[in-house]
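First the structure, in the form of structure tokens, and then the observations on it.
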Amino acid sequence: MPKESPSREAATLDSRLKRLGRISDERGVTTRTFLSPAMGRASALVGKWMRKAGLSVRQDGVGNLIGRREGPGTGSKTLLLGSHLDTVRDAGRFDGALGVLLPIAALEIVGRRGIVLPFAVEVLGFSEEEGVRFSSAYLGSKGYTGKLRKSDLRLRDPEGICVGDALARHNGRKTPLPRAAHAPGELLGYVEAHIEQGPVLEARGVAAGVVPSIAGQTRARITFVGSAGHAGTTPMRLRRDALAGAAEFILEVEHHARACPPLVATVGCIAAQPGAANVIPGRVEVSLDVRHPVDSRRRAAFAGLQLAGRQIARRRGLSFSVEVTQDNRAVACSRELTALLARSVRSRQGSCPAVPSGAGHDGVVLSSLTPVTMLFIRCRKGLSHHPDEYVHPRDLAVGLDILVDFLARLASLHAR
Ligand code: GLV
Ligand code: MN
Ligand code: MN
């Protein structure tokens, strides 16, 4: 860890992250979900900081916050920088937020140092990346890139509200499927800074690294249906207990993933109905999240788990159904942009680890529009999706130096 104290700009960034982290839909914890009241307050605050950095600010039809500064000429290309402003439930304050606030701080420094950028910049605070409300991630970046589909609009939250209706409420009118904000030829690329969310950088003793690739991921909602009944009067052998079937399935998911590293598979949500201590559960919904760096292995694992679930259900007299809510291929980051970013990392800290991402990022969707590069910043104990998520202000300072250096290098590459 570098010994010098963090820069004034890094201290400001740290205090902004703390302020943003206090904006929540739930008292005492950090939770912000797609189009929620807290997301509105977060966008207002971040929009204020964007304006202070000289960006003009707008929100698009899916709630993405967009801060833009024009380039020197009418034909200037645009560099995109950003991440998401939504969070998981009871989240930390860095996942997503860092990738929005770091570029704002970097652009302030670029301005103060008089570094001329021969391109336009857009800082993006995506409205949805975590998939908390609708069990499907990337609604914000899909809207921005024109990849939102009618099937996305039909997704329902736990209260039965579909994405289309949530957007209509938010915008005060029926919202058409958005078009891409840019044609690919208008863009230079997309840069996403993010906490690593894993332990590799900490183990290597460095603050930052680059990301060669992002693992593919499949998410699904899985339903077991049996028969609800009296917990006191129904003999064990006459039951069709949907929760017992789901429990067997969950253990099978764990067993299968353990046997096939680097496959990871997670059941993170479970809802049992009718949900009473003295009633046999008749219907259970579980989430399933499957990830692997190799798409064919992920697909094979998902197919195998569906088969296992069906067999468990059949043996127990249950019905079994699967609704795929998300399916993203693995993404390779841009070699050229990442090589340039790695130069900035090396010039700041000597070495530059390449750390593949097991987590999903907005860059996955942006890669359909423009080359993508990602900067990872060390987080304490590799902890993320947890309120104790932490980045030391000295590492924020390193991240800031790297991003400013990267912008300067890109500027000299594109200088006329
Ligand atoms: C996003 O954080 C994900 O990888 O689930
Ligand atoms: Mn994230
Ligand atoms: Mn996350």
Side-chain angles (χ1 to χ4, degrees), residues 1-14 17 53 69 77 79-83 94 98-119 121 123 188-214 332-357 361 363 370-380 391-416:
M1 173 121 7
K3 288 282 178 292
E4 73 264 28
S5 53
S7 59
R8 187 170 49 81
E9 290 92 349
T12 303
L13 174 60
D14 190 43
L17 284 158
R69 199 174 69 200
K77 293 200 174 192
L79 179 70
L80 308 176
L81 306 108
S83 192
F94 297 91
L98 177 63
V100 187
L101 301 194
L102 191 78
I104 295 174
L107 288 171
E108 286 177 318
I109 296 174
V110 162
R112 267 200 300 279
R113 292 194 189 157
I115 300 169
V116 176
L117 300 181
F119 42 79
V121 284
V123 179
L188 284 180
Y190 170 73
V191 186
E192 181 164 356
H194 205 282
I195 55 166
E196 180 202 338
Q197 308 185 276
V200 176
L201 294 172
E202 192 170 64
R204 297 277 293 264
V206 290
V210 294
V211 179
S213 60
I214 306 171
C333 292
S334 152
R335 277 176 191 232
E336 292 75 20
L337 284 177
T338 304
L340 194 68
L341 185 60
R343 256 185 252 158
S344 299
V345 175
R346 275 193 290 272
S347 79
R348 181 60 174 79
Q349 64 177 31
S351 66
C352 179
V355 186
S357 177
H361 298 288
T370 192
V372 163
T373 191
M374 285 196 72
L375 176 70
F376 266 178
I377 305 291
R378 163 171 60 187
C379 56
R380 190 172 61 195
V391 177
H392 197 285
R394 281 192 295 261
D395 288 356
L396 294 178
V398 174
L400 252 180
D401 289 348
I402 290 169
L403 192 54
V404 171
D405 186 78
F406 173 80
L407 289 168
R409 283 174 198 266
L410 197 65
S412 54
L413 268 183
H414 290 274
R416 284 154 203 230

Which atom pairs, one a donor and one an acceptor, fall under 3.5 Å between side chains of residues 205-213 and the rest of the protein, sequence neighbours left out?
none

* Could you name each residue pair satisfying salt bridge (Lys or Arg N to Asp or Glu O under 4.0 Å) that touches residues 333-345, not counting sequence neighbours? => none

* Could you go through the side chain to side chain contact (heavy atoms under 4.5 Å, CB included) check for Leu410 and Leu117 one step at a time? => CA-CA 8 Å; Leu410 197 65; Leu117 300 181; over 6 Å; no

* Closest approach of Val391 and Cys379, non-hydrogen atoms and distance? -> CG2-CB, 4.2 Å

* State the CG-CG distance between Leu81 and Leu188, to the nearest 0.5 angstrom. => 10.0 Å

* Mind checking the CG-CG spacing from Leu17 to Leu101? Nearest 0.5 Å is all I need. => 5.0 Å

* Quick one: CG on Leu375 to SG on Cys333, what's the gap to the nearest 0.5 Å? -> 11.0 Å

* Structure fact -> With sequence neighbours left out, the residues meeting side-chain hydrogen bond (donor to acceptor under 3.5 Å, both in side chains) with Ser344 are Asp405, Arg409

* Using the test ring pair (Phe, Tyr, Trp, His ring centres under 6.0 Å), find all partners of Phe376 that sit at least two apart in sequence or belong to another chain. => His361

* To do: Let me know which of Leu407, Val404, Asp401 forms a side chain to side chain contact (heavy atoms under 4.5 Å, CB included) with Ile109.
  => Val404

* Quick one: do Leu201 and Asp395 satisfy side chain to side chain contact (heavy atoms under 4.5 Å, CB included)? Show the steps, please. => CA-CA 11 Å; Leu201 294 172; Asp395 288 356; over 6 Å; no

* To do: Considering non-hydrogen atoms only, spot the tightest contact between Val372 and Thr338 and give its length.
  => O-OG1, 4.2 Å

* Shortest non-hydrogen contact from Asp14 toward Pro393 -> OD2-CG, 3.7 Å

* Looking only at heavy atoms, which two atoms of Leu102 and Leu396 are closest? And how far apart? -> CD1-O, 4.1 Å

* Asked: If you look only at pairs with a residue in residues 191-213, which of them pass as a salt bridge (Lys or Arg N to Asp or Glu O under 4.0 Å), with sequence neighbours excluded?
  -> none

* To do: Apply the test side chain to side chain contact (heavy atoms under 4.5 Å, CB included) to residues Val191 and Leu337: give CA-CA distance (whole Å), side-chain angles for both, the deciding distance (0.1 Å), then the verdict.
  => CA-CA 9 Å; Val191 186; Leu337 284 177; 5.6 Å; no

* side-chain hydrogen bond (donor to acceptor under 3.5 Å, both in side chains) partners for Gln349, two or more places apart -> none

* To do: Taking all non-hydrogen atoms of both residues into account, name the closest pair between Ser351 and Arg346 and its distance.
  => C-CG, 3.9 Å

* Go through the structure and list residues passing side-chain hydrogen bond (donor to acceptor under 3.5 Å, both in side chains) with Arg112, not counting sequence neighbours. => Glu9

* Asked: Could you state the interatomic distance from CG (Leu341) to CD1 (Ile402), rounded to the nearest 0.5 Å?
  -> 7.5 Å

* So which heavy atom on Leu79 is nearest to which on Gly189, and how close? -> CD1-O, 3.7 Å

* Which residues pass the salt bridge (Lys or Arg N to Asp or Glu O under 4.0 Å) test with Glu108, sequence neighbours left out? -> Arg16

